[in-house]
Amino acid sequence: MPYKREMLGVEMVLATTGIATVMAVAACFAMGAEAEKKTLQIEGSSTVGPIAEAFAEAFMEANPNVQMTVKMTGSGDGAAALIDGRCQIATMSRSMKPAEYQKAVEKNVTPCPHAVAMDGVCAVVHPSNPLTAITRVLLRDIYTGEISNWKDLGGPDMPIVVISRDTSSGTYEVFAEKVMGKDKMSEKVEYVNSNPQAQARVKTTAGAVGYVGLGFLDASVKALTVDGVVPTRKTIATGVYPISRPLFLFTNGYPELGTTAHAFCTFFLTEKGQEIIEAKGFVPLTNY
Amino acid sequence: MAQAADAVEARLRGAAAEFDRPLLLTPRENLAGYAGSHVGRAALFLVTATSVVAVLLIFVFIIREAVAFFINPAALPPLDPTSAASVLAWAQAALGSIGARLAELLGGTQWYPQAASPEFGVLAILVGSSYVTGGALLIAVPVGLLAAVCLSDILPFGARQAVKPVVEILAAIPSVAYGFFAVLVLAPWMQEHLHISTGTNALNAAVILAVMAIPTIVSVSEDSLTAVGRELREASYACGATRAETMVKVIIPAAHSGIIAAVILGMMRAIGETMVVWMASGMAAQVPSPWWNLAQSVRTLTGTIAQEMGETVIGSPHYHALFVLGLVLLVFTFGLNLVTETLLGRMRRQGGKKT
């Protein structure tokens, strides 16, 4: 664990600082300033949480004198924590609601969003399925149970096996928000508890339809175009693909330039930051 | 002091015919021994009590969280213990709220706890749990019992010594591994060879749970079959019974209490198992139609709790509803335990009368 060794390093620097204080004032001054521990509290969405956690890890490795804690509870809790001053950075998988903004202003907090990544969800079917395109309306009809056989969509006469992620996942949230709207999923819908499992179920079931994050697409399942848009990094990053949403970090005002918070909120622009986002199955915000 | 020592001496001499030393010393005779025996007894009692207290605390905690689903104190009229009318109004509102919630739970199959207007119909989930458990037992009990008979009476001793540890290894495989097998191997196989449209269904979960329950059933019932002993078997053969008659009419009846215990243990494993049913059952909160169709996806109590507890808002009706499911599970297993205890007791008494 290189991270733990860094922690020891911090302590050693601190100890050295202590000795230096006795020995030379000048030396103490330089090292003391460097060794002053900055802590950053990050709290909120469990969808953005893994990104923030990986960012924090990479960040602390590069800056041993920065201490970050990442808590994953939920977007609403992140907003509340930022407003109450319990954290400096709130991670949220949605924008703040007007009521939250109002509460923030009352408490003299100016929430400032930083979109760091896109969360795109692809509708997938078995490779043998002749269907290549679908619309959000038809997807909704499949998930509400109104369409229950592929022949209604021009495919073979085969019952549709509808697969959803569990209702507490962020992927489900995107799908429910962008496809289902106010409609409830049919009671026949099956639930799986991870992206790889959803992929595995669709891969092995001829009549299945499911949805996974873009990072979990591969040749063993077929991604459908939704409303005529092919799900790719570019269409998701540019916001053309309909089943996607931005993921946010929220700070109180734009962070002062040069501070740790500023560096953290712009970390997604670095090469390392983009690698992390992609490794977590999300889409980096770029325009190339 | 000297007197006390004399007294001990006297008692020792008196007891010498049967015992080397007196069974219990009074504090005057041997303070250290007396204190030691009592401290030891207290310590052992505490250790034993811990498990009982733990069970009680679990009950209290789950009941407390589950009760909040039925009664929301904030929604009730203020309670003024001095006025009879106020107490009456409060009780009426509380009973009304309990009744409405109970009707909601038991009256519906629609489980949409996170919808804009949440629905908490738990019937489909209860049906799912009983289908999966019942199906698992239907497979595991005959297979497990036959395997135990084979191990105890038919295979040579050496083969038994080799096979039993292997069967017991089955119990040591982590359930998530069984889950992956269910999703990646059994589900596609069912779709291809049984032409079931979805491979993650009640049958899949039941088969996997049966495989997980079999080691327990085999191991415990084989032990009880072996414990019946040589005498009964030889007596039966001496009366001219064949091996099959001996097995069915003598050995299995004689070992019935152990066999029932084995079945119950296997059943407990099947009801409480979470990861496998979460992955293998498909988690669709529906009552299969037609009702006997085990090839459809179902959802179980344990799977629902595991899937939804992660992100419910603490204190919300959904959170408390999950505790109601937990309470149902607890009452179910507790009730089963009681039933089997009384059943076992009765069978033992009947057995006693016959002989």
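Please read all numbers here as calculations on a predicted model, not as lab measurements.
With a threshold of 4.5 angstrom between heavy atoms, B:Met275 approaches chain A through side-chain atoms but not through N, CA, C or O. Using a 4.5 Å cut-off between heavy atoms, A:Ser186 contacts chain B through its backbone alone, with no side-chain atom that close. With a 4.5 angstrom heavy-atom cutoff, B:Gln191 touches chain A only via side-chain atoms. Proximity to chain A is absent for every atom of B:Ser281, based on heavy atoms less than 4.5 angstrom apart.
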- Using the side-chain contact (heavy atoms from CB on, under 4.5 Å) rule, take A:Met96 and A:Phe250 through it: C-alpha gap first, then chi angles, then the decisive distance, then the call. CA-CA 9 Å; A:Met96 271 200 194; A:Phe250 269 84; 3.9 Å; yes
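For the options B:Gln296, B:Glu192, B:Arg299, heavy-atom pairs under 4.5 Å to chain A are most numerous at B:Arg299. Contacts with chain B were tallied for A:Lys182, A:Met158, A:Arg201; A:Arg201 has the most, counting heavy-atom pairs under 4.5 Å. Chain B forms the most heavy-atom pairs under 4.5 Å with one residue out of A:Val189, A:Asn193, A:Asp166, and that residue is A:Asn193. Contact tally against chain A (heavy-atom pairs below 4.5 Å) for B:Pro113, B:Gly199, B:Pro188, B:Gly282: the top residue is B:Gly282. In terms of heavy-atom pairs under 4.5 angstrom with chain A, the leader among B:Gly179, B:Pro288, B:Ser297, B:Ala306 is B:Ser297.
The side chain to side chain contact (heavy atoms under 4.5 Å, CB included) test with B:Thr133 is passed by exactly one of B:Val277, B:Ile271, B:Leu301: B:Ile271. When each of B:Leu329, B:Thr333, B:Val328, B:Leu327 is checked for a side chain to side chain contact (heavy atoms under 4.5 Å, CB included) with B:Val331, only B:Leu327 meets the rule.
Annotation: cation-pi geometry not satisfied between A:Arg165 and A:Tyr211 (NZ/CZ under 6.0 angstrom from ring centroid, within 45° of ring axis).
Rounding to the nearest 0.5 Å gives a distance of 11.5 Å between CH2 of B:Trp278 and CD1 of B:Ile305. In this structure, A:Met180 CE and A:Tyr172 OH are separated by 7.5 Å, a value rounded to the nearest 0.5 Å.
Side-chain contact check for A:Ser93 and A:Ser75: at least one donor-acceptor pair (N or O, by modelled atom type) lies under 3.5 Å.
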